[in-house]
Asker: 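Here you go, one structure.
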Amino acid sequence: MQEPYKRIAYVWDPNSPIPEAPQRLTFRPVQSIGKETFSGLVAPIMADALDRSDRKEVATMGASEAARQFLSEASEWFDFQADWWQVASGRQGQLVGFVLPVLIRGEEKYGLGDGTFYYLGVLPGHRGNGYIIDLLIHGTATLHKIGECRIFSDTVVNNAPMMRVFLAAGYQQHGPPKSVPL
């Protein structure tokens with residue numbers, strides 16, 4: 001049995017301003033590219049993730065099957081509308097990543113659900129261009145428009161680049177790192 005690993009949570013307060021994202025990506029609903037194509041985008045991101053749980057799933061069943069299974073499980077735990085899930089294309093039309101905002105089922109305050117991201121990621125060949133902040137800001141704006149109360153998200157403690165992105169987008173650390181079973 002492997003030891004637990006640590007994740008660190010971040011929260012965005014809906015009273016905070018949404019930062020301006022560069023206008024270098026074009027967003028469209030995931031359904032515009034089809035289920036199989038989208039699953040094919042998720043697979044290499046899971047395979048190359050810093051998150052040990054993603055790597056474990058990929059090692060157990062392969063990247064393609066891990067991505068298909070992961071995507072099929074979203075509606076078991078979260079509420080969302082299909083058009084909230086977006087893929088992003090660069091200026092030349094190439095797909096560079098995606099953001100999957102959701103509402104946490106059963107988490108309501110003042111009649112509004114708390115939001116999170118089921119997943120967001122930049123394809124390995126497009127990393128290093130800062131696209132992840134564009135995705136996070138776009139997803140934050142999506143959840144803000146639908147009326148969430150707060151947005152919670154987390155990352156593994158060894159993902160320093162993502163921690164910096166959360167802070168740059170106006171998120172605040174929410175408590176100390178927590179151990180999570182693998």
Asker: Tell me whether Glu65 contacts the main-chain N or O of Ala63 through its side chain, where contact means a donor paired with an acceptor under 3.5 Å.
Answerer: no

Asker: Any side-chain donor paired with an acceptor under 3.5 Å for Tyr119 and Asp51?
Answerer: no

Asker: In the structure I gave you, are the side-chain heavy atoms of Val96 and Val87 within less than 4.5 Å of one another anywhere?
Answerer: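 With C-beta onward as the side chain, the pair stays apart.
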
Asker: Kindly work out whether a path of hydrophobic side-chain contacts (I/L/V/M/F/W/Y, heavy atoms less than 4.5 Å apart) joins Leu41 to Met61.
Answerer: no

Asker: Can you find a pair of side-chain heavy atoms, one from Ser153 and one from Phe166, that are under 4.5 Å apart?
Answerer: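 Yes; the side chains approach each other to less than 4.5 Å.
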
Asker: Any chain of hydrophobic side-chain contacts (each under 4.5 Å) joining Val11 to Met163?
Answerer: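 No.
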
Asker: Applying the side-chain contact (heavy atoms from CB on, under 4.5 Å) test to Phe117, which of Thr142, Asp154, Ile151, Val102 qualifies?
Answerer: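 The single option meeting the side-chain contact (heavy atoms from CB on, under 4.5 Å) with Phe117 is Ile151.
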
Asker: Are any of the side-chain heavy atoms of Val156 and Met162 separated by less than 4.5 Å?
Answerer: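 A side-chain contact under 4.5 Å is absent here.
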
Asker: Does Arg52 reach the side chain of Tyr5, with side-chain heavy atoms less than 4.5 Å apart?
Answerer: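 Yes; the side chains approach each other to less than 4.5 Å.
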
Asker: Any donor-acceptor pair under 3.5 Å linking the side chain of Gln173 with the backbone of Tyr10?
Answerer: no

Asker: If you measure from CD on Glu20 to CD1 on Ile137, what distance do you get to the nearest 0.5 Å?
Answerer: 8.5 Å

Asker: With the side chain counted from C-beta on, respond yes when Leu103 and Leu143 share a heavy-atom pair under 4.5 Å apart, and no when they do not.
Answerer: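 A side-chain contact under 4.5 Å exists here.
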
Asker: Between Thr155 and Arg7, is any side-chain donor less than 3.5 angstrom from a side-chain acceptor?
Answerer: no

Asker: With heavy-atom distances below 4.5 Å as the criterion, would you say the side chains of Leu100 and Phe38 are in contact?
Answerer: yes

Asker: So, Arg150 and Asp13, do they make that salt bridge, N to O below 4.0 Å?
Answerer: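 No, Arg150 and Asp13 are not salt-bridged.
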
Asker: Group every Ile, Leu, Val, Met, Phe, Trp and Tyr by side-chain heavy-atom contacts under 4.5 Å, then state whether Ile132 and Leu167 land in the same group.
Answerer: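 The answer is yes; both residues are in one hydrophobic cluster.
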
Asker: May I ask whether Phe152 and Val165 are part of the same hydrophobic cluster, defined by side-chain heavy atoms of I, L, V, M, F, W, Y residues being less than 4.5 angstrom apart, directly or through others?
Answerer: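 The answer is no; the residues belong to distinct hydrophobic clusters.
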
Asker: Tell me, do Leu135 and Leu120 make a side-chain contact under 4.5 Å, heavy atoms counted?
Answerer: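 Yes, side chains in contact.
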
Asker: So among Phe98, Trp84, Phe27, which one has a ring pair (Phe, Tyr, Trp, His ring centres under 6.0 Å) with His138?
Answerer: Phe27

Asker: Under 3.5 Å, is there a donor-acceptor pair between the side chain of Arg55 and the main chain of Leu50?
Answerer: yes

Asker: Would you please say whether a donor-acceptor pair under 3.5 Å links the side chains of Tyr171 and Thr140?
Answerer: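 Indeed, the side chains of Tyr171 and Thr140 share at least one donor-acceptor pair under 3.5 Å.
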
Asker: Just to verify, what does Pro124 make a side chain to side chain contact (heavy atoms under 4.5 Å, CB included) with, not counting sequence neighbours?
Answerer: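 If we apply the side chain to side chain contact (heavy atoms under 4.5 Å, CB included) test to Pro124, skipping adjacent residues, the hits are Pro44, Ile45, Asp48, Arg127.
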
Asker: Do Leu136 and Ile104 belong together in a cluster built from hydrophobic side chains that touch within less than 4.5 Å?
Answerer: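 Yes.
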
Asker: With heavy-atom distances below 4.5 Å as the criterion, would you say the side chains of His126 and Gln94 are in contact?
Answerer: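 Yes, side chains in contact.
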
Asker: As a quick check of understanding, evaluate side-chain contact (heavy atoms from CB on, under 4.5 Å) for Val180 and Lys6, giving each step before the final call.
Answerer: CA-CA 6 Å; Val180 179; Lys6 293 191 181 254; over 6 Å; no

Asker: Can you name the side chain to side chain contact (heavy atoms under 4.5 Å, CB included) partners of Glu73, sequence neighbours left out?
Answerer: Gln69, Glu76, Tyr118

